[in-house]
*Asks:* 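Can you keep this structure in mind? I'll have questions shortly.
Just so you know, ligand 1 is whichever comes first in the structure, and atom 1 is the first atom listed for that ligand. Remember, it's a predicted structure, so these values are computed and weren't measured experimentally.
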Amino acid sequence: MRRAAEISAEAHCRAMKISQPGLYEYQLQAEIEHEFMSSGASSPAYTSIVGGGKNGCILHYIENRDRLKSGDLVLIDAGCEYQDYAADISRTFPVNGRFTAAQAAIYDVVLAAQTAAIDLIGPGLEYNLANEATIRVITQGLVDLGILEGSVETLIAEGGYRDFYMHSAGHWLGMDVHDVGDYKIDNHWRVYEPGMVVTVEPGIYISPQNKTVAAKWRGIAVRIEDDVLVTKTGNEDLTSGVPKTRDQIELLMAS
Ligand SMILES: [Mn+2]
């Protein structure tokens with residue numbers, strides 16, 4: 001799994017470095033999958049998602065046939081299968097290498113949510129704490145940006161964030177990308193044990209048709225996903241080989 005994660009991280013770096021306006025989404029897919037298999041992976045672990053601009057709002061977008069535009073983000077969810085084990089990484093970066101102010105604001109909320117969630121993964125901690133952390137940080141962030149209105153507590157209790165964050169924070173990862181294993185036992189959240197691997201993948205998706213938000217936000221989609229191993233003392237991010245802060249991404253893309 002460590003090797004599957006390394007290869008997949010390297011492939012995402014390759015996509016960032018080669019990205020430019022005018023390429024087709026499938027051309028980034030080709031770069032990613034070339035990197036997988038030339039590094040010894042047998043195949044992608046699932047159909048690669050490469051969504052430029054508003055296509056990132058479509059959660060399982062696999063057409064990958066549109067042209068990438070300057071000023072848009074591109075959301076890539078792709079991981080390889082190596083010796084029967086899967087990796088699963090998402091990164092979102094600007095097609096032209098520079099985040100706009102609106103994209104940066106959304107990006108930083110998603111990254112803060114992911115960081116908060118990873119901090120809550122470790123032996124003895126309940127599975128759902130990380131998910132709850134992503135909901136809290138994303139809801140607070142959307143309120144701070146004026147995208148949601150009202151009290152954070154009420155928006156969380158009533159699911160007011162779900163127009164923008166409509167999936168949960170992750171899943172077990174192993175020989176299958178959505179690996180076998182219970183999330184609850186006897187109606188109680190499972191507790192992490194060393195050796196488990198889980199994905200952490202919060203996102204914010206602002207529909208291009210959403211007239212309740214200012215025009216500058218519409219069509220922005222960001223997901224950040226890493227593969228996290230539970231260790232005896234905490235956790236280890238197996239996919240840290242691909243940058244995820246805005247500065248790191250812009251630096252890599254400029255190189
Ligand atoms: Mn995933």
Side-chain angles (χ1 to χ4, degrees), residues 1-13 15-16 25 28-29 32-33 35-36 41-51 55-64 73-82 84-93 107 110-111 113-118 120-121 127-135 137-138 162 164-183 189-190 192 195-205 221-230 235-244:
M1 290 192 75
R2 196 179 289 284
R3 184 65 187 138
E6 282 171 2
I7 293 170
S8 302
E10 200 50 49
H12 278 260
C13 290
M16 285 178 188
E25 292 163 340
L28 289 189
Q29 177 184 5
I32 291 235
E33 294 179 9
E35 187 71 28
F36 288 170
S42 55
S43 64
Y46 52 96
T47 307
S48 303
I49 293 168
V50 181
N55 290 341
C57 294
I58 304 167
L59 286 191
H60 297 283
Y61 176 78
I62 52 171
E63 285 78 8
N64 302 346
L73 294 173
V74 57
L75 189 161
I76 300 182
D77 187 339
C80 74
E81 183 166 309
Y82 178 79
D84 293 324
Y85 284 89
D88 183 1
I89 301 178
S90 300
R91 285 292 185 273
T92 309
F93 56 87
Y107 190 90
V110 177
L111 184 57
Q114 203 223 22
T115 305
I118 291 174
L120 289 167
I121 293 171
Y127 177 83
N128 204 43
L129 290 175
N131 185 48
E132 288 167 4
T134 62
I135 292 169
V137 173
I138 284 173
R162 284 201 199 107
F164 305 98
Y165 178 35
M166 63 295 285
H167 58 75
S168 69
H171 49 85
W172 301 128
L173 182 70
M175 297 188 85
D176 204 349
V177 66
H178 286 221
D179 209 24
V180 294
D182 292 321
Y183 293 90
W189 290 107
R190 192 108 175 246
Y192 286 115
M196 291 173 161
V197 181
V198 67
T199 69
V200 185
E201 50 178 311
I204 293 176
Y205 314 88
V222 174
R223 179 164 65 254
I224 306 171
E225 175 177 29
D226 286 292
D227 302 342
V228 176
L229 167 68
V230 181
N235 69 63
E236 178 187 348
D237 178 0
L238 299 179
T239 45
S240 59
V242 52
K244 63 183 172 185

*Asks:* Provide the atom name of the closest N, O or S atom of Glu201 relative to the Mn ion (ligand 1).
*Replies:*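 Nearest N/O/S atom of Glu201: OE2.
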
*Asks:* Round to 10° and report the angle made at the Mn ion (ligand 1) by OE2 of Glu225 and NE2 of His171.
*Replies:*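 That angle works out to 120° after rounding to 10°.
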
*Asks:* When you compare the side chains of Glu25 and Gln29, does any donor N or O come within less than 3.5 Å of an acceptor on the partner?
*Replies:*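 Side-chain D/A pair, Glu25 to Gln29: absent.
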
*Asks:* Can you tell whether the side chains of Asp226 and Arg91 come within less than 4.0 Å, N to carboxylate O?
*Replies:*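 Salt bridge flag = yes for Arg91 with Asp226.
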
*Asks:* What is the ring orientation for His178 with His171, classed by angle as parallel under 30°, tilted 30 to 60°, or perpendicular over 60°?
*Replies:*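 Rings of His178 and His171: parallel, under 30°.
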
*Asks:* Counting heavy atoms not belonging to Arg2, are there more than 12 under 6.0 Å from its CZ?
*Replies:* no

*Asks:* Measuring to the Mn ion (ligand 1), does Asp88 have an N/O/S atom at a distance below 2.8 Å?
*Replies:* yes

